[in-house]
Amino acid sequence: MLPYIDIPFVYAANALGASTDELKLISSFLISYPLAAVLKRIPDRKPWQKNIFIIAVYVFYLVGLFDLWGGVRTLLISSVGAYAIASYVQGPYMPWIGFVFLMGHMSVNHIHRQTVADPSRVDITGAQMVLVMKLTAFCWNVYDGTLPDSELTDFQKERAIRELPDLLDYAGYVLFFPALFAGPAFDFVDYRRYIETTMFAVPPGTDPAKAPPTRKKRKIPRSGTPAAWKAAGGLAWIFAFLKFSGWYYPALLLSDDYTKYGLLRRIWQLHMLGLTTRMKYYGVWFLTEGACILSGIGYKGYDPKTGKADWNRLQNVKPLGIELAQNTHAYLGNWNINTNHWLRNYMYLRVTPKGKKPGFRASLATFVTSAFWHGFYPGYYLSFVLASFLQSIAKNCRRLVRPFFMTADGKSSTPYKPYYDALTFLVTQLAFSYTVAPFILLSLHDSLLVWARVYFYCVIGAAVCLAFLSSPGKAWLKTELNKRNKAKLERAESYDSLDGPTLGLPNDPGQEFDEIVAEVRAEIAARKRRGQSVSNIDLKKAVEEKLGRTL
């Protein structure tokens with residue numbers, strides 16, 4: 001640690017009642033802005049200098065500011081290990097070996113963090129979680145680079161790495177300081193296009209007057225204004241968090257005073273605890289995205305008609321999409337967007353055999369990956385399991401109830417649609433106010449205590465809905481719906497896409513279980529047609545293959 005660097009942070013922490021490390025972390029996000037401006041101004045023709053600058057800032061952050069020598073070692077082990085695996089392991093198992101190594105290494109640190117149990121201290125697990133996304137994707141991209149284009153999707157072709165990068169470029173990618181501690185994560189191809197400035201190439205024939213403005217001979221368009229707006233938004237969310245966290249905090253819900261309030265007020269405070277906690281993440285992700293925009297890597301392209309640049313390449317959260325969400329798909333899909341993309345592209349679609357539709361095994365693998373990636377606090381798993389059932393319920397309600405508030409062709413709203421929208425908004429928000437509480441409280445005891453203090457309203461509501469969906473009532477709704485709309489309705493678009501489980505949550509656990517049964521029955525029928533006998537041992541083995549585990 002640099003001498004005397006702690007003095008202003010200790011003074012400010014005492015004045016504000018915050019921890020020194022938390023202030024340092026916020027300060028590092030703010031310091032990244034002038035440093036990103038310097039990075040942007042390093043000559044485009046000298047990318048090696050940009051890499052050296054990135055590495056130097058990384059050392060300053062981890063060693064000079066936080067004294068995280070152990071963090072340097074942790075990131076070095078993950079980075080060197082992933083590069084070695086990608087270099088020396090050949091064949092289709094290479095990405096999976098890299099995945100197991102990286103996730104296993106991170107799990108050890110998650111357990112250590114859980115043992116220490118000091119949320120006021122900044123450790124390396126946050127940075128390592130971002131790094132795991134980047135390096136598992138890197139291993140897959142290297143593997144894709146060994147395959148012919150005919151075996152790759154368009155997404156895989158675009159990100160395939162045909163030749164291993166040199167160590168300097170790799171280090172710059174791994175240690176990119178604007179996204180070091182909290183993301184956003186991105187693929188190596190994005191970094192290479194950024195460092196080589198091919199990301200900013202203007203298509204031939206473009207009207208120069210419509211191209212995004214740049215300074216002097218620099219290829220990176222001006223990004224000060226959008227970065228400043230992100231910074232202002234991030235600071236606003238941080239200040240809002242500091243203000244609201246004095247009113248709504250976990251200890252309040254665990255105190256005896258909480259039980260003195262009526263049920264409606266308890267639910268309100270539960271909701272506000274979730275909102276207040278999200279404010280912190282909104283602020284952090286806005287600040288880091290703004291620094292990425294200022295450096296230039298947030299550039300996504302531009303509108304050739306207006307010349308307006310799009311800087312949303314690394315957008316990680318849409319607060320209004322969450323706080324105004326009317327269904328689980330919108331709520332979860334607007335949260336931690338880059339993690340959703342990582343889970344979909346590097347787990348959900350990767351465990352699916354070519355030519356087949358993703359099914360139960362893909363959903364299960366994605367769910368387990370998402371859960372382990374977050375850590376091992378029991379609260380995470382309570383939230384994940386309940387949210388998966390909420391997503392299934394919401395999808396069925398959208399298919400079976402929403403069409404009653406639409407015209408027969410499903411394209412226009414009836415006069416009653418606003419009431420449906422208001423109700424689904426209220427139900428979605430209150431359901432997730434309850435669901436995310438364990439994610440904040442973390443321990444099993446505290447989570448169940450708070451759930452009990454609001455009388456398990458979400459668990460009971462979910463159980464009632466699931467019971468109805470398993471009863472003849474579901475068939476009756478379908479019949480009435482077909483009578484009303486004459487079977488002309490299209491499927492619910494938001495839930496039937498192949499985008500994969502949002503944040504690793506299965507879209508429909510019941511349907512996926514039915515898929516297992518159907519697959520096993522089909523296998524048995526095929527064996528009987530071939531004249532093969534099917535024993536109980538064979539049946540058990542078939543089920544184990546579908547589940548991916550031993551019974």
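Owing to the predicted nature of the structure, the values given are computational and were not obtained by experimental measurement.
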Exercise. Hey, does the side chain of Ser78 reach the backbone of Leu75 with a donor-acceptor pair shorter than 3.5 angstrom?
Worked result: no
For this session: Verify side chain to side chain contact (heavy atoms under 4.5 Å, CB included) between Leu168 and Ile55, making sure each step is shown before the conclusion.
Result: CA-CA 9 Å; Leu168 192 58; Ile55 295 169; 3.9 Å; yes
For this session: Examine distances only and state if a side-chain atom of Arg113 and a backbone atom of Asp123 form a donor-acceptor pair shorter than 3.5 Å.
Result: no
Exercise. Under 3.5 Å, is there a donor-acceptor pair linking the side chains of Asn109 and Gln128?
Worked result: yes
Problem set entry | Which atom of Val132 lies closest to which atom of Met103, heavy atoms considered | CG1-SD, 3.9 Å
Problem set entry | Which residues share a side chain to side chain contact (heavy atoms under 4.5 Å, CB included) with Val317, sequence neighbours left out | Tyr282, Trp285, Phe286, Pro319, Ile322, Trp335
Problem set entry | Which residues share a salt bridge (Lys or Arg N to Asp or Glu O under 4.0 Å) with Glu163, sequence neighbours left out | none
Problem set entry | Residue list, salt bridge (Lys or Arg N to Asp or Glu O under 4.0 Å) with Lys50, at least two apart or on another chain | Asp44
Exercise. Looking only at heavy atoms, which two atoms of Gly172 and Asn51 are closest? And how far apart?
Worked result: CA-OD1, 3.6 Å
Exercise. Please, which pairs that meet salt bridge (Lys or Arg N to Asp or Glu O under 4.0 Å) have at least one residue in residues 316-334, sequence neighbours excluded?
Worked result: Arg278-Glu323
Problem set entry | Arg45: partners by salt bridge (Lys or Arg N to Asp or Glu O under 4.0 Å), with sequence neighbours left out | none
For this session: Output the distance between atom OG (Ser27) and atom CG (Asp21), rounded to the nearest 0.5 Å.
Result: 11.0 Å
Exercise. Thr198 side chain to Tyr194 main-chain N or O, any donor-acceptor pair under 3.5 Å?
Worked result: no
Problem set entry | Within 6.0 Å of NZ in Lys417, more than 12 heavy atoms from elsewhere | yes
For this session: Could you give me the CA-CA distance, side-chain angles and deciding distance for Arg162 and Asp149, then say whether salt bridge (charged side-chain N to carboxylate O under 4.0 Å, His left out) is met?
Result: CA-CA 11 Å; Arg162 300 295 180 182; Asp149 284 350; 2.5 Å; yes
For this session: Taking ring-ring contact (aromatic ring centres under 6.0 Å, His included) as the test, write out the residues that go with Tyr302, two or more places apart.
Result: none
Problem set entry | Test log, rule side chain to side chain contact (heavy atoms under 4.5 Å, CB included), inputs Ile297 and Trp311 | CA-CA 8 Å; Ile297 200 171; Trp311 292 97; over 6 Å; no
For this session: Classify the angle between the aromatic ring planes of Phe101 and His105 as parallel (below 30°), tilted (30 to 60°) or perpendicular (above 60°).
Result: parallel
Exercise. Under 6.0 Å from the NZ atom of Lys243, do we count more than 12 heavy atoms belonging to anything else shown?
Worked result: no
Exercise. Is a side-chain donor or acceptor of Trp373 paired with a backbone partner of Met129 at a separation under 3.5 angstrom?
Worked result: yes
Problem set entry | is_close_aromatic(Phe439, His374), centroid dist under 6.0 Å | yes
Problem set entry | Phe177/Tyr58 aromatic ring centres below 6.0 Å | no
For this session: Would you check if Cys397 and Ile393 make a side-chain contact, meaning some heavy-atom pair closer than 4.5 Å?
Result: yes
Exercise. Is Thr288 reaching over with its side chain to a backbone N or O of Ala182, donor-acceptor style, under 3.5 angstrom?
Worked result: no
For this session: Show the numbers, then the answer: is there a ring pair (Phe, Tyr, Trp, His ring centres under 6.0 Å) between Phe181 and Phe66?
Result: CA-CA 12 Å; Phe181 288 111; Phe66 288 102; 5.4 Å; yes
Problem set entry | Atom CZ of Phe405: over 12 foreign heavy atoms under 6.0 Å | yes
Problem set entry | salt bridge (Lys or Arg N to Asp or Glu O under 4.0 Å) contacts touching residues 168-188 (sequence neighbours left out) | Arg159-Asp187
Exercise. With no hydrogens and no angle check, is any side-chain donor or acceptor of Thr276 less than 3.5 Å from a backbone partner on Phe241?
Worked result: no
Exercise. Going from OG1 on Thr339 to CE on Met133, what distance comes out if it is rounded to the nearest 0.5 angstrom?
Worked result: 4.0 Å
Exercise. Would you say the side-chain atoms of Thr214 pair up with the backbone N or O of Arg218, donor to acceptor, closer than 3.5 Å?
Worked result: yes
Exercise. Does Asp190 reach the main-chain N or O of Phe186 with its side chain, forming a donor-acceptor pair under 3.5 Å?
Worked result: no
Problem set entry | Straight-line distance of Leu164 CG to Tyr83 OH, nearest 0.5 Å | 5.0 Å
Exercise. Quick one: does Tyr420's side chain have a donor or acceptor within less than 3.5 Å of a partner on Pro403's backbone?
Worked result: no
For this session: Check the surroundings of atom CZ in Phe239: do more than 12 heavy atoms from other residues, nucleotides or ligands lie under 6.0 Å from it?
Result: no
Seminar exercise, completed: Note: Gly290 and Ala227 closest approach over all heavy atoms is O-CB, 3.4 Å
Exercise. For Lys308, which residues count as a salt bridge (Lys or Arg N to Asp or Glu O under 4.0 Å) partner, sequence neighbours excluded?
Worked result: none
Exercise. Can you list every pair that meets side chain to side chain donor-acceptor pair (under 3.5 Å) and has a residue in residues 228-238, with sequence neighbours left out?
Worked result: Lys230-Glu289
For this session: Return yes if some donor-acceptor pair links the side-chain N/O of Ser370 with the main-chain N/O of Thr366 below 3.5 Å, else return no.
Result: no
Exercise. How close do Met94 and Cys139 get, heavy atom to heavy atom, and via which atoms?
Worked result: CE-O, 3.2 Å
For this session: Drop me the distance from Ile220's CD1 to Tyr299's OH, to the nearest 0.5 angstrom.
Result: 11.0 Å
Problem set entry | Test side chain to side chain contact (heavy atoms under 4.5 Å, CB included) applied to Val436 and Thr277, step by step | CA-CA 10 Å; Val436 302; Thr277 305; over 6 Å; no
Exercise. With Ser412, which residues qualify under side chain to side chain contact (heavy atoms under 4.5 Å, CB included), at least two apart?
Worked result: Thr407
For this session: Just grab all the side chain to side chain donor-acceptor pair (under 3.5 Å) pairs involving residues 132-143, residues at least two apart or on different chains.
Result: Thr136-Trp342, Asn141-Tyr346
Problem set entry | CA sep, side-chain torsions, deciding dist, call: Arg398, Asn327, side chain to side chain contact (heavy atoms under 4.5 Å, CB included) | CA-CA 9 Å; Arg398 186 175 178 86; Asn327 54 67; 3.9 Å; yes
For this session: Indicate the atoms forming the closest heavy-atom contact of Pro43 with Gln49, along with that distance.
Result: CD-OE1, 4.1 Å
Problem set entry | Sequence neighbours excluded - side chain to side chain donor-acceptor pair (under 3.5 Å) pairs with any residue from residues 29-41 | Ser32-Tyr61, Lys40-Ser223
For this session: Measure the spacing between CD of Gln315 and SG of Cys292 and express it to the nearest 0.5 Å.
Result: 12.5 Å
Exercise. Which is it for Asp144 and Arg350 under the salt bridge (charged side-chain N to carboxylate O under 4.0 Å, His left out) test, yes or no, and what are the steps along the way?
Worked result: CA-CA 11 Å; Asp144 289 341; Arg350 297 290 181 166; 2.8 Å; yes
Problem set entry | Value rounded to 0.5 Å, distance of CG in Leu180 from CG in Leu175 | 7.0 Å
Exercise. How about His110 and Tyr377: are their ring centroids closer than 6.0 Å?
Worked result: no
